[in-house]
Student: 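This is the structure I have questions about; it appears just below.
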Amino acid sequence: MTLPEQPSHYRPSAPADNPWHWRLEDASGAEVALSGPAAEEYADMAFPSQGDAESWIGETWSALAELGVTHVTLFEVDREVYGPMSLSA
């Protein structure tokens, strides 16, 4: 008897589950591509609600600024909600 493979513990969330995300931008408005540990911690973050996304940016804005992010824009799936918003103190 063969058993089916165990499902992966990691399941990327679908846009419907976490539709809110930030586009990280530099001073020219170009999207910032993070790499290495910074990418693992800050890139491609998605949230189930606008409030969750806003809380996250409130907690991480200074770390993002240190990585060269100067502005962020909030999206719900592909709809721009607001931005660019400056990360300068």
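Counting from 1, the numbers follow the sequence of the chain as shown. Computed over heavy atoms, backbone and side chain alike; hydrogens, waters and symmetry mates excluded.
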Student: Applying salt bridge (charged side-chain N to carboxylate O under 4.0 Å, His left out) as the test, list every pair that has at least one member in residues 69-79; sequence neighbours left out.
Tutor: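 Found Glu76-Arg79.
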
Student: Indicate yes or no: at least one non-hydrogen side-chain atom of Phe75 is less than 4.5 angstrom from one of Arg23.
Tutor: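 Yes, close enough: below the 4.5 Å cut-off.
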
Student: If the test is side-chain hydrogen bond (donor to acceptor under 3.5 Å, both in side chains), which one of Glu80, His21, Glu25 qualifies with Thr73?
Tutor: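 By the side-chain hydrogen bond (donor to acceptor under 3.5 Å, both in side chains) criterion, Thr73 pairs with just one of Glu80, His21, Glu25: Glu25.
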
Student: Which residues satisfy the side-chain contact (heavy atoms from CB on, under 4.5 Å) test with Ser28, sequence neighbours excluded?
Tutor: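 For Ser28 the side-chain contact (heavy atoms from CB on, under 4.5 Å) partners, ignoring immediate neighbours, are Asp26, Ala30.
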
Student: Tyr42: which residues meet the ring pair (Phe, Tyr, Trp, His ring centres under 6.0 Å) condition with it, sequence neighbours left out?
Tutor: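 With sequence neighbours excluded, Tyr42 shows a ring pair (Phe, Tyr, Trp, His ring centres under 6.0 Å) to no residue whatsoever.
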
Student: So which pairs with a foot in residues 29-50 pass salt bridge (charged side-chain N to carboxylate O under 4.0 Å, His left out), sequence neighbours left out?
Tutor: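 Checked against salt bridge (charged side-chain N to carboxylate O under 4.0 Å, His left out) - neighbours excluded - no pair reaches residues 29-50.
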
Student: With sequence neighbours excluded, what pairs up with His71 under the ring pair (Phe, Tyr, Trp, His ring centres under 6.0 Å) test?
Tutor: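 With sequence neighbours excluded, His71 shows a ring pair (Phe, Tyr, Trp, His ring centres under 6.0 Å) to no residue whatsoever.
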
Student: Is there a side-chain contact (heavy atoms from CB on, under 4.5 Å) between Met45 and Trp56? Walk through the geometry before answering.
Tutor: CA-CA 9 Å; Met45 297 296 295; Trp56 180 82; 3.7 Å; yes

Student: Go through the structure and list residues passing side-chain hydrogen bond (donor to acceptor under 3.5 Å, both in side chains) with Thr70, not counting sequence neighbours.
Tutor: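 Residues passing side-chain hydrogen bond (donor to acceptor under 3.5 Å, both in side chains) with Thr70: none at all.
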
Student: Could you go step by step and tell me if Leu64 and Val32 meet the side-chain contact (heavy atoms from CB on, under 4.5 Å) rule?
Tutor: CA-CA 10 Å; Leu64 291 169; Val32 173; over 6 Å; no

Student: Under 3.5 Å, sequence neighbours excluded: what are the donor-acceptor pairs made by side chains of residues 46-53?
Tutor:
from, atom 1, to, atom 2, distance (Å)
Ser49, OG, Asp52, N, 3.1
Ser49, OG, Asp52, OD2, 3.2
Gln50, NE2, Glu54, OE2, 3.0

Student: Got a second to check how far Trp61's CH2 is from Ser86's OG, nearest 0.5 Å?
Tutor: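 With rounding to 0.5 Å, CH2 (Trp61) is 9.0 Å from OG (Ser86).
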
